[in-house]
Amino acid sequence: MIPFSPSRTWIFLLLSSLAFYLPTLLAPAAWDKNATWLQLSSLYQGALVLAGFWYGPAICRALVVKTVVTGLVRQVVDLTLAELRKKNGLAQLADMPVTLAEYPLPFIVTAGLLPGQSQVFLSTALAERLGIDGLRFLLARALVHGGLAQRLAALLPVLVLTVMLPDTPSDALAWLALAGFLLGWLVIHWFFELRADRQAALALGPVAAEGLRQVLLASAARTGWLSVQPPVRWRLHMVSKSAT
């Protein structure tokens with residue numbers, strides 16, 4: 001999901017919440033202990049997760065109020081993409097369309113389930129804040145996120161959390177299992193984020209470190225311990241080591 005007009009955002013939240021929770025709310029209370037119903041409910045929620053990823057690009061397009069198709073920023077984005085595609089063999093960058101959306105806050109999202117149907121959404125605010133090295137690094141990293149391994153790394157933890165773990169842990173052991181899963185997810189997430197930094201650095205070479213610094217500054221990524229991104233010093237070390 002990408003941030004956009006309040007009305008479209010609230011419509012999306014309402015419809016997705018209804019789709020996710022309405023069957024459970026309408027089911028008789030006695031079914032809460034029925035094993036078959038619980039399995040069917042988990043499968044239904046898992047199917048919704050898959051559908052959400054598959055239709056992610058369409059959902060993002062519906063949320064976008066204004067798509068930028070002309071102008072200087074669009075031209076710079078297109079030229080940067082053309083340059084990166086020439087180096088595709090170095091870092092196995094996915095070939096995906098990039099939608100430039102007019103929005104006053106910085107964001108970039110790679111949406112989709114499979115590499116062939118994924119799409120990148122970039123706000124004008126973020127693109128305009130970056131120098132050329134920052135834009136190169138940002139787009140290279142977004143294209144890396146379109147690869148199969150990255151898409152599975154985004155999908156599978158959400159699918160497992162939805163299908164296999166209970167909605168509300170019932171005892172201390174269940175809470176420990178949930179905490180352990182979230183910790184494991186964070187480790188996997190950091191691994192693939194650092195891997196994306198590395199592949200982007202391989203595609204760009206020595207300018208990658210400066211590109212990452214520009215991206216961090218422009219996206220206000222320094223959020224301390226609240227961030228789910230790897231520590232900044234780890235990212236800078238990975239990029240500097242890979243770009244040499």
Side-chain angles (χ1 to χ4, degrees), residues 1-65 94 96-97 99 101 107-121 142 144-193 196 226 228-229:
M1 178 183 167
I2 59 177
F4 249 96
S5 69
S7 60
R8 297 192 186 197
T9 302
W10 278 110
I11 289 172
F12 168 77
L13 291 174
L14 178 61
L15 291 178
S16 58
S17 297
L18 284 175
F20 204 81
Y21 293 109
L22 191 60
T24 302
L25 294 175
L26 294 179
W31 289 12
D32 291 344
K33 304 299 181 181
N34 185 286
T36 301
W37 164 251
L38 293 176
Q39 291 177 355
L40 290 174
S41 179
S42 294
L43 289 175
Y44 169 77
Q45 292 178 346
L48 281 182
V49 170
L50 289 172
F53 273 82
W54 180 265
Y55 292 106
I59 292 171
C60 290
R61 286 194 297 269
L63 289 171
V64 170
V65 176
M96 296 183 297
T99 295
F107 73 79
I108 186 168
V109 174
T110 302
L113 178 61
L114 299 174
Q117 54 87 228
S118 295
Q119 187 171 347
V120 177
F121 294 84
V144 169
H145 274 292
L148 181 59
Q150 292 282 348
R151 301 323 300 150
L152 291 177
L155 166 68
L156 292 179
V158 180
L159 199 59
V160 171
L161 181 63
T162 303
V163 175
M164 299 184 64
L165 296 180
D167 294 336
T168 304
S170 56
D171 52 33
L173 187 60
W175 280 107
L176 285 175
L178 178 60
F181 171 83
L182 293 176
L183 180 60
W185 167 81
L186 186 63
V187 172
I188 294 172
H189 177 68
W190 281 11
F191 171 82
F192 279 95
E193 290 299 294
L226 291 176
V228 296
Q229 294 296 322

Of all the heavy-atom pairs spanning [X] and [Y], show the shortest one and how long it is.
{"X": "A94", "Y": "G146", "value": "CB-C, 3.7 Å"}
{"X": "R8", "Y": "V64", "value": "NH1-O, 2.9 Å"}
{"X": "S118", "Y": "P57", "value": "CA-CG, 4.4 Å"}
{"X": "M96", "Y": "V120", "value": "CE-CG2, 3.4 Å"}
{"X": "A196", "Y": "H145", "value": "CB-NE2, 3.9 Å"}
{"X": "V158", "Y": "A154", "value": "CG2-O, 3.5 Å"}

Distance (rounded to the nearest 0.5 Å) between L18 CG and L13 CG:
11.0 Å

From L38 atom CG to W31 atom CH2, the distance as rounded to the nearest 0.5 Å
11.5 Å

[X] side chain to [Y] backbone, donor-acceptor under 3.5 Å:
{"X": "S41", "Y": "W37", "answer": "no"}
{"X": "Q117", "Y": "L114", "answer": "yes"}
{"X": "T110", "Y": "A142", "answer": "yes"}
{"X": "R151", "Y": "P115", "answer": "no"}
{"X": "W54", "Y": "V49", "answer": "no"}

Is the shortest heavy-atom distance from the side chain of [X] to the side chain of [Y] under 4.5 Å?
{"X": "V228", "Y": "W185", "answer": "yes"}
{"X": "F192", "Y": "L152", "answer": "no"}
{"X": "L40", "Y": "Y44", "answer": "no"}

